[in-house]
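Before any comments, here is the structure.
Bear in mind the structure is a predicted one, so any value in this text is a computation, not a measurement.
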2 protein chains.
Amino acid sequence: MRENSHILFHSIHQLSRQLTRYLNEALEPFGLYNAQWSVLFVLKEKGTLTQKELCEYLAVEAPPMTRTIQRLVKQGYVEQQAGVDKRKKHIQLTAKAVGEFPAWEAAVLEANEKVLKLLPENSQEALQQIISEWTLGLKGGAVDKRD
Amino acid sequence: MRENSHILFHSIHQLSRQLTRYLNEALEPFGLYNAQWSVLFVLKEKGTLTQKELCEYLAVEAPPMTRTIQRLVKQGYVEQQAGVDKRKKHIQLTAKAVGEFPAWEAAVLEANEKVLKLLPENSQEALQQIISEWTLGLKGGAVDKRD
DNA sequence: CCAAAATAATTACCCAGGTAATTATTATTT
DNA sequence: AAATAATAATTACCTGGGTAATTATTTTGG
């Protein structure tokens, strides 16, 4: 009965791709990408985190996180320190990254503003709320895979 | 002033990934993937299309579309016919694909239903409308890259 | 009519995310 | 204490999307 679900899901997918594109454009001058920015942003807020914690926070699997972190290490924006538990690697921003962070953030916020201008403020709030609730339900495992 | 834009955009990205994962799960028994399904679905509705038209309809660049179509050809679900204009390739479903389509669609709809259950009906409509308007604005090129 | 511009599709090469299998280390169990 | 199980991260390999450059064909302009 709900054939329009195709359309809704496809719309969400396209919107997500388009937003990613804008973000990458904004980050391009700094040699950064979408996935790297999300890690830098979390580290700025949370301080030191293990890779596992980063994965959980960003809801990304371990392998792509390893790759993203390795790129950030190569660029000198992130440091890895072995913990007492030698399996864990603690990740934190370098001084260089802390120094450049404000410029990155300004560029990202400016790009976000431009895109958000096309969306009335009350729509933004509604959208955020609907998506948060939905994602919460999905994460909570309310979708039964059997049956 | 809108620091929460980070959160909104990230939420959309995660939601999109999660929905893609559910769709891929539903298609897995048929050896199909997300991107393939979107092409099959459009072809079922529209009949024969050129690759260019498929790209425009799905808002995907040409190279990934080439790849997706080549996989569908290999699986015997799609045929390519050179047109009068030899640059263009006309794509259509094979009889095999038409035959199996109902099973695919049933599986996808069932999966969609499960996910949509977590979202009240009025939220679905609101979501669809907000996203459609927004995407339209983005596509319309209202985002100025200069300045 | 022929050279130049435009177009459709492809190739090559990026980034991003996923699963399965592997490795090194730590925790548990017996 | 030694064997087994669990955990964090990595490696290998897949799909999916993007840009830049290339190829083949068709249109356009001089």
Exercise. Please tell me which of A:Gly83 and B:Pro63 maps to the more 5' nucleotide of DNA chain C, matching each residue to the nucleotide holding its nearest heavy atom.
Key: B:Pro63
Quiz item: Taking for each residue the nucleotide of DNA chain C bearing the nearest heavy atom, is the 5' side occupied by A:Ala62 or by A:Arg87?
Solution: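 The answer here is A:Ala62.
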Quiz item: Tell me, which of residues 65-74 of chain B have any heavy atom that sits under 4.0 Å from an atom in DNA chain D?
Solution: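 Nucleic-acid contacts, sorted: B:Arg67, B:Arg71.
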Exercise. Could you tell me which nucleotide pairs with C:dC13 by Watson-Crick or G-U wobble geometry, both distances under 3.5 Å, or answer none if nothing does?
Key: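 Pairing partner: D:dG18.
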Quiz item: Same cluster for A:Leu118 and B:Ile12 if Ile/Leu/Val/Met/Phe/Trp/Tyr side chains link at under 4.5 Å?
Solution: yes
Quiz prompt | A:Tyr33 with A:Val39, same ILVMFWY side-chain cluster at under 4.5 Å | solution =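 In one cluster with A:Tyr33: A:Val39, no.
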Practice problem: Check the angle between the aromatic planes of B:Tyr77 and B:Trp104 and answer parallel, tilted or perpendicular using the 30° and 60° thresholds. | Solution: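 Geometry flag for B:Trp104 against B:Tyr77: perpendicular rings.
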Which whole-number value in Å describes the distance from [X] [atom1] to [N] [atom2]?
{"X": "A:Lys52", "N": "D:dA6", "atom1": "NZ", "atom2": "P", "answer": "14 Å"}
{"X": "A:Arg21", "N": "D:dG17", "atom1": "CZ", "atom2": "C1'", "answer": "10 Å"}
{"X": "A:Glu53", "N": "D:dT7", "atom1": "CD", "atom2": "P", "answer": "15 Å"}
{"X": "B:Gln36", "N": "D:dG17", "atom1": "CD", "atom2": "P", "answer": "11 Å"}

List in chain and number order the residues that pass side-chain contact (heavy atoms from CB on, under 4.5 Å) with [X], two or more places apart in sequence or in another chain; answer none if no residue qualifies.
{"X": "A:Val73", "answer": "A:Ile69, A:Val78, A:Gln80"}
{"X": "A:Pro63", "answer": "A:Glu61"}
{"X": "B:Lys86", "answer": "none"}
{"X": "A:Lys44", "answer": "A:Leu93, A:Phe101"}

Practice problem: At the 4.0 Å heavy-atom cut-off to chain A, mark where contacts on DNA chain C begin and end, going 5' to 3'. | Solution: C:dC15 to C:dT26
Base, sugar-phosphate alone, or nothing: which one does [X] contact when heavy atoms must sit under 4.0 Å apart?
{"X": "A:Glu61", "answer": "base"}
{"X": "A:His13", "answer": "sugar-phosphate"}
{"X": "B:Ala35", "answer": "sugar-phosphate"}
{"X": "B:Asn34", "answer": "sugar-phosphate"}

Exercise. Apply salt bridge (charged side-chain N to carboxylate O under 4.0 Å, His left out) to A:Lys117 and A:Glu113, showing your working.
Key: CA-CA 6 Å; A:Lys117 262 188 200 155; A:Glu113 289 279 336; over 6 Å; no
Self-check item: Worked verdict on B:Trp37 versus A:His6 for side-chain contact (heavy atoms from CB on, under 4.5 Å)
Solution: CA-CA 11 Å; B:Trp37 165 249; A:His6 294 309; 3.7 Å; yes
Quiz item: 5'-most contact on DNA chain D: A:Asp85 or B:Asp85, nearest heavy atom basis?
Solution: A:Asp85
